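Notes follow the structure.
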Amino acid sequence: MVAFVLIGIGLVVFTGSIESMGRYGIKFLFTSDWNPVTDQYGAFTAIYGTLVTSITSITIALPLGVGTALFITEKILPKLVRETIGIMVELLAAIPSVVLGLWAMFIMEPFIRPFLSGLNNNFGWIPFFSSRPGGPGIAPAILILVVMILPIITSIARDSLNQVPSRLREAAYGVGATRWNAIFNVILPAAISGITGGVLLALGRAMGETMAVTMIIGNSNNFNFSLLSPGNTISSMLASQFGEADGSQVSSLMYAAFILMIITLIVNIIAQWMVLKLKLKY
Amino acid sequence: MNSNLYYNPSLRRNISDKVLTLLSGLFSLIAILPLILVIAYVIVNGASQINLSVLTQLPEPPGDDISAGGIGNAIIGTLIVTGIAALISIPIGVGGGIYLAEYSKPGVFTKFIRFGTNVLSGVPSIISGVCVYGVIVSTKIILGSNFSALAGGLALSILMLPTIIKTTDEGLKLVSNDLRKAALGLGASKYITITRVTLPSAITPIATGVVLAIARAAGETAPLIFTALFSFYWAQGTQALLEPIATLSVLIYNFALEPYKTQNELACAASFILVIVVLMMNLLTKLIGYYTNSNKS
Amino acid sequence: MNNKDNTIVSLENVTISYKSQPAVKNVYLDIPKSKVTALIGPSGCGKSTVLRAINRMNDLIEGCTLKGRVLFDGIDLYDKDIDPVEVRRRIGMVFQQPNPFPKSIYENIAFGARINGYSGDMDELVELSLRQAAVWDECKDKLNDSGVSLSGGQQQRLCIARTIAIQPEIILMDEPCSALDPISTLKIEETIHELKKDFTIVIVTHNMQQALRVSDMTAFYNAEQEEGTSGGKVGYLVEFNKTEEIFNSPCQKATQDYVSGRFG
């Protein structure tokens, strides 16, 4: 039944995109024109945006999330403090995406703009920082994604760390390991496959995340390497254009949705498989 | 030699241990900072907007910058759309969970379904919107209506389904087998055993899962923007189910993007209501979990 | 007991509690140097808890507190200036369940030595430690295999080798044979006999024959219901003496009953 829903969704999106697939084929993935007026469509800008926002945000969120998870599992502070932090992280996951987007638009983006300008002034020769920040853009979208996936990474890392048998922990401390000797050499390696699964789940989430990104990324179809300029992701493109699209634009959007679905499916399947493997091991 | 036993803060391992501990503490602080900032933001900017007229009036179309009106119809709309989603997904989800935990034989197929449920929960929410658009909105399959509350509810139900199936399945698996055997041993049929014995004893985790799924659906926007769309009017009569409907989340999205300050402020007010409701539901499930846990031990 | 100069660890009026519930109370015990001391008693009498207190392993358990003093060479290990990591380097431990790291056999030994700042020839240390723990012959051809791939008895001797490699003064053993078959148990006991030339050993065991076979001194613990509480039992030390005295002519009736197998 679930499989039916899953396949059904795939089928609907696939049928919708047949027209565009026939017209552009694989070229769709590598061209960056997206012009409803001339009816030319290529999804490269959005695919680039999707990949760059999700991968960069994971890179930032991973150390933060695992660090937080270690802080709440390794008995550094009294139980009450740890549990409070744990609950707060879970609540962060519950805040609706659209509210985070609102906050990002009116508070976070203006606040970080000077820092982004600084990046441009000092590191403008790097392609990623080669444009002047002016309001919405890829960089603030990355930051809001960090906020959204941090709770996922933290809670899965916490579960994996809690599953590490206490006898391994004792073994490490028993040979005179300090807390972080034990963490880096014994505890983290034992939890690694669960954490990797969590990272992949978070990656899937970051790729599909829509509202907050749509509100802050600028929704520009013009390709630009720079993270400081406005861009697009597949999901933000869908959110901002689908409602008013018609004809072959709908089909092209469906095609993009199909690509997004395939990528997230693959990521999720690998992630579930890794989490499952962890469960079997202990 | 014996003095070695004393803690020496200048040892390299002790320094690096301290630094790393502080670092992880700092990371934790960074992790909870956004929550505090966002809540502070919606309280400061949203709570001050809340008054009776905001809660009961209709939103004004953008352009009139004297007043943005209220969010009355969006509150009702969120209730209606989420309600539709719950009506669709709870019976199917709980049923699916019961099937998985009680009827299905352990094997490749069951494993595949469980796996599929997890994977489905990872499908981006906007995809379910695209799908419902493709099936219902663009084809006008339901009584010739395109954008409608029904379509929005359906899109949300696809998102709620995996959570409900999963919590039902896991909740039932936690029920001890002795209880099942006891009931079957008394001559109860499988159906009676499940409805009278197994389900009631798993009701807490199932209810928790349902509440969490509803809380998530209430805040979802992506699947609604091109299924339920938006409306500046009250939902009236049963006919309203087949017409576009306003929801809090879409209102926040639409009004946040407007260039007018009053509209933006209304988005804040709606955020305040949404965040409070969603957080309350989450805390409620935590309390239930905590209460039942402490009861058991 | 008879000779104070030979005492390496001395417990003075030690009471250990989980949350507010005492697990074992008012323990006095002088552990002699270069001898094997066995702690015996029925389950739940707190003998493992006492053992874990000696190298501050109980620190890892939340809500576990200790009152009294544990002196190691005259220094109170629970003084607030003491570094528990240093304590565990001087007082090693072998656990009830064999718990090798999921790393290679070689790394299992080298890890502890490396973090202890060992700078000599690592290959030599690995071989020496494995030889001392009588597991070298079984492992010498597969030092790069995972430690988890060994049999239970071999794993436990690997864990002993790992503890030897950090060159502690005392080795604590917490029912090291309870998860092993009789033949492995015998091998471990032989190893203990070899080790007592170089180390002070404290072993917790529920097997009285084992205590009789390996130990020089034996401490017998018992547990009883705390008066006026509904909570669990509280352990206490009944008798501590030379092993043959404990088994042949115990002073206390409870000891007599226990060693002759009348309860426990």
Side-chain angles (χ1 to χ4, degrees), chain A residues 66 69-87 157-197 274-282, chain C residues 19 48 51-52 54-64 83-103 107-118 129 146-148 155-156 158-168 171-174 179:
Chain A
V66 175
L70 285 170
F71 195 74
I72 44 191
T73 49
E74 295 305 316
K75 301 179 183 167
I76 291 170
L77 282 180
K79 204 173 172 195
L80 189 70
V81 180
R82 294 192 330 245
E83 282 187 350
T84 313
I85 296 176
I87 289 178
R158 184 177 64 173
D159 291 348
S160 317
L161 290 169
N162 278 333
Q163 278 185 38
V164 173
S166 63
R167 62 195 161 81
L168 271 186
R169 231 171 235 126
E170 287 185 338
Y173 285 111
V175 294
T178 63
R179 177 184 290 144
W180 291 89
N181 278 155
I183 288 173
F184 281 123
N185 292 294
V186 178
I187 299 171
L188 275 182
I192 199 71
S193 85
I195 294 177
T196 317
M274 297 205 73
V275 174
L276 213 68
K277 215 176 79 182
L278 174 93
K279 271 191 196 147
L280 296 178
K281 213 165 74 188
Y282 297 115
Chain C
K19 305 252 163 74
S48 287
L51 189 79
R52 294 166 60 96
I54 299 175
N55 72 342
R56 295 197 50 174
M57 260 312 177
N58 286 333
D59 289 17
L60 303 185
I61 298 168
E62 221 161 32
C64 186
D83 185 356
V85 171
E86 201 59 52
V87 172
R88 294 182 202 124
R89 292 178 178 191
R90 303 271 291 276
I91 306 177
M93 187 161 206
V94 175
F95 298 86
Q96 185 168 1
Q97 291 279 333
N99 56 354
F101 300 119
K103 303 166 181 275
E107 266 305 303
N108 259 283
I109 312 280
F111 171 65
R114 200 179 301 126
I115 58 172
N116 277 277
Y118 177 79
S129 311
S146 167
V148 193
Q155 284 189 15
Q156 194 61 299
L158 176 65
C159 292
I160 294 175
R162 172 178 78 190
T163 309
I164 297 169
I166 61 172
Q167 290 158 342
I171 298 178
L172 308 174
M173 296 185 173
D174 187 1

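What you see is a predicted model, and the numbers here were worked out from it, not measured in a lab. For the numbers below, each heavy atom of this structure counts, side chains included, while hydrogens, waters and symmetry mates do not. Proteins get letters first, then strands, A, B, ... in listed order; numbering begins at 1 in each.
What you find for Gly174(A) and Ile166(C) is that their closest heavy atoms are O-CD1, 4.2 Å. Considering every non-hydrogen atom in both Ala171(A) and Arg162(C), the closest pair reads CB-NH2, 3.6 Å. Considering all non-hydrogen atoms of both residues, Tyr173(A) and Met57(C) come closest at C-CE, 3.7 Å. Nearest heavy atom pair, residue Ile115(C) against residue Ala177(A), reads CD1-CA, 3.4 Å.
Put simply, CZ on Arg88(C) and OG1 on Thr178(A) are 10.0 Å apart, with the number rounded to the nearest 0.5 Å.
Not a single side-chain hydrogen bond (donor to acceptor under 3.5 Å, both in side chains) links Asn185(A) to another residue, sequence neighbours left out.
With a 4.5 Å cut-off on non-hydrogen atoms, Phe101(C) touches chain A through its backbone and its side chain both. With a 4.5 Å cut-off on non-hydrogen atoms, Pro168(C) does not touch chain A at all. Only the side chain of Arg52(C) comes within contact range of chain A, with heavy atoms under 4.5 Å apart.
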Run Glu170(A) and Phe95(C) through side chain to side chain contact (heavy atoms under 4.5 Å, CB included) and show every step you take. CA-CA 8 Å; Glu170(A) 287 185 338; Phe95(C) 298 86; 3.5 Å; yes
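At distances below 3.5 Å, at least one donor-acceptor pair connects side-chain atoms of Asn116(C) with backbone N or O atoms of Val175(A).
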